[in-house]
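Numbers restart at 1 for each chain; the letters A, B, ... are given by sequence-line order, proteins then strands.
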Protein chains: 2
Amino acid sequence: MVEHMHIAGSRLDHVFHALADPTRRAMLQSLASGERTVSELAEPFTMSLAGASKHIKALEAAGLVTRDIRGRQHLCRLQPGRLAEAHEWLSFYERFWTERLDALDALLRLPEPDNQRPPVPPSEPKGDDT
Amino acid sequence: MVEHMHIAGSRLDHVFHALADPTRRAMLQSLASGERTVSELAEPFTMSLAGASKHIKALEAAGLVTRDIRGRQHLCRLQPGRLAEAHEWLSFYERFWTERLDALDALLRLPEPDNQRPPVPPSEPKGDDT
DNA sequence: CGAATACTCAACCACATGGTTGAACATATG
DNA sequence: CATATGTTCAACCATGTGGTTGAGTATTCG
């Protein structure tokens, strides 16, 4: 498997790319408390409406936002599914940072001088994916 | 607060940007099963070594990978902290998709025709951030 | 109808990105 | 020492990105 999960590939590309921009993250945050029109989403920023519209299109392309055209205004709403996918993707690595915390915890609990290795923490955390 | 969390901003920019590339995600996956030299990380891909080196630099800039120069080869290892931050950031929206699942679940459990609303799930989940 | 509003589209710009190549650097090794 | 190996660096190129502006399309309103 190319990716460690069933996820199609370019989907995550778009989601993470959309998330990599602070303007778009702020828009998501705004959408987290309810539907917003394009103007409402654009209002907090100094950029032009067309500029904000592009950001919203990026969020749409990533599947993070859907649009409901209601009259002359476009209602945008959060679509959490893809966010959940990204979260799930990151969860794969969760064992990694919890393992590291466990190792640190264990190290702190036994202060024996014999156990003093150079600061090169666990290098092979069980290769279970090859 | 600009972001809904204490996270500095440009940090997440770099992390999500690093994650938006399939080559870099594959590199992280490789690093998840142990340390890798630059050549080892580059080997699965068709690109030049210099190209792969740039990707690794992007991962380093995002704080996802650290480098341990050992002789003439550079040992890279996963640094899960920033991944944990991104995961935590996404967790903010977790309530959002679980709410939606809860609503769907509730809808499926009571098949009363009076309760048949259009498929427009919760739009105002308590704005607690402004 | 005509005009204001909400928004998109297309063209354009400066700059970042992902990729290449060839040269340079540092370290092993014969 | 000379040479091979592992890696980076700098220059370059094509394309993508975030932003602008100005015009165009619907829709509502007087």
Side-chain angles (χ1 to χ4, degrees), chain A residues 2-3 9-31 34-77 123, chain B residues 2-3 9-31 34-78:
Chain A
V2 179
E3 297 276 348
S10 61
R11 290 243 291 253
L12 273 185
D13 290 19
H14 289 130
V15 171
F16 282 132
H17 172 254
L19 259 33
D21 187 286
T23 299
R24 291 193 288 260
R25 286 201 304 275
M27 285 177 167
L28 288 182
Q29 183 181 339
S30 173
L31 287 170
E35 297 174 336
R36 297 277 184 265
T37 70
V38 169
S39 308
E40 286 170 344
L41 281 176
E43 185 267 335
F45 309 103
T46 65
M47 78 184 69
S48 67
L49 230 196
S53 177
K54 280 197 190 179
H55 280 295
I56 297 173
K57 279 192 71 177
L59 292 169
E60 259 187 308
L64 298 177
V65 160
T66 54
R67 183 186 303 245
D68 189 13
I69 301 181
R70 192 186 158 99
R72 64 181 160 181
Q73 52 194 11
H74 298 198
L75 258 297
C76 299
R77 99 167 49 104
S123 44
Chain B
V2 179
E3 297 276 348
S10 60
R11 290 244 290 253
L12 273 185
D13 290 18
H14 289 130
V15 171
F16 281 132
H17 172 254
L19 259 32
D21 186 286
T23 298
R24 292 192 288 260
R25 288 200 305 276
M27 284 176 166
L28 288 182
Q29 183 181 341
S30 173
L31 287 171
E35 297 175 337
R36 297 275 184 265
T37 70
V38 171
S39 309
E40 285 170 345
L41 280 176
E43 185 266 335
F45 309 103
T46 66
M47 78 184 70
S48 66
L49 231 194
S53 177
K54 279 198 190 177
H55 280 295
I56 296 173
K57 279 193 70 176
L59 291 169
E60 257 186 311
L64 298 177
V65 160
T66 55
R67 183 187 305 245
D68 189 13
I69 301 180
R70 194 185 156 97
R72 64 182 160 182
Q73 52 195 10
H74 298 199
L75 259 297
C76 299
R77 96 167 52 103
L78 228 188

Going by atom type alone, with no hydrogens or angles, which donor-acceptor pairs under 3.5 Å involve a side-chain atom of residues 52-62 of chain A and a protein atom two or more places apart or on another chain?
| residue | atom | partner | partner atom | Å |
| --- | --- | --- | --- | --- |
| A/H55 | ND1 | A/R24 | NH1 | 3.2 |
| A/E60 | OE1 | A/R67 | NE | 3.1 |
| A/E60 | OE1 | A/R67 | NH2 | 2.7 |
| A/E60 | OE2 | A/R67 | NE | 3.2 |

Looking only at heavy atoms, which two atoms of B/A26 and B/F45 are closest? And how far apart? CB-CZ, 3.8 Å
Would you tabulate the nitrogen or oxygen pairs shorter than 3.5 Å linking the protein to nucleotides 12-19 of chain D?
| residue | atom | partner | partner atom | Å |
| --- | --- | --- | --- | --- |
| D/dG18 | OP1 | A/R24 | NH1 | 3.1 |
| D/dG18 | OP1 | A/R24 | NH2 | 2.9 |
| D/dG18 | OP2 | A/R24 | NH1 | 3.4 |
| D/dG19 | OP2 | A/H55 | NE2 | 2.1 |
| D/dG19 | N7 | A/K54 | NZ | 3.1 |
| D/dG19 | O6 | A/K54 | NZ | 2.1 |

Whole-Å distance between C/dT27 C1' and B/L75 CG? 15 Å
Separation of C/dT27 C1' from B/Q73 CD (nearest whole Å): 10 Å
What's touching nucleotides 24-26 of chain C from the protein side, N or O pairs under 3.5 Å?
none

A/V65 vs A/L28, test: side chain to side chain contact (heavy atoms under 4.5 Å, CB included). Steps then yes/no. CA-CA 8 Å; A/V65 160; A/L28 288 182; 4.0 Å; yes
With a 4.5 Å limit on heavy-atom distance, are the side chains of B/L75 and B/I69 in contact? no
Please report the shortest heavy-atom distance between B/E40 and B/T37, naming the atom on each side. OE1-N, 2.9 Å
Which atom pair, heavy atoms only, marks the closest approach of B/R25 to B/L19? NH1-O, 2.8 Å
Whole-Å distance between C/dA10 P and A/K57 NZ? 8 Å
Taking atom C1' of C/dA6 as reference, at what distance in whole Å does atom CD of A/E43 sit? 15 Å
In whole Å, what is the span from the CG atom of B/L59 to the C1' atom of C/dT17? 14 Å
Measure from NE2 on B/H74 to P on C/dA28 and round the result to the nearest Å. 11 Å
Write down the distance between CG (A/L49) and P (C/dC9), rounded to a whole number of angstrom. 13 Å
Looking only at side chains, do A/S30 and A/R36 share a donor and an acceptor under 3.5 Å apart? yes
Against A/L41, only a single residue in A/T23, A/L31, A/L49 fulfils side-chain contact (heavy atoms from CB on, under 4.5 Å); can you say which? A/L31
Could you tell me which non-hydrogen atom of A/P22 sits nearest to which non-hydrogen atom of A/A20, and how far apart they are? CD-O, 3.9 Å
Without decimals, in angstroms, what is the distance between A/F45 CZ and D/dT20 C1'? 17 Å
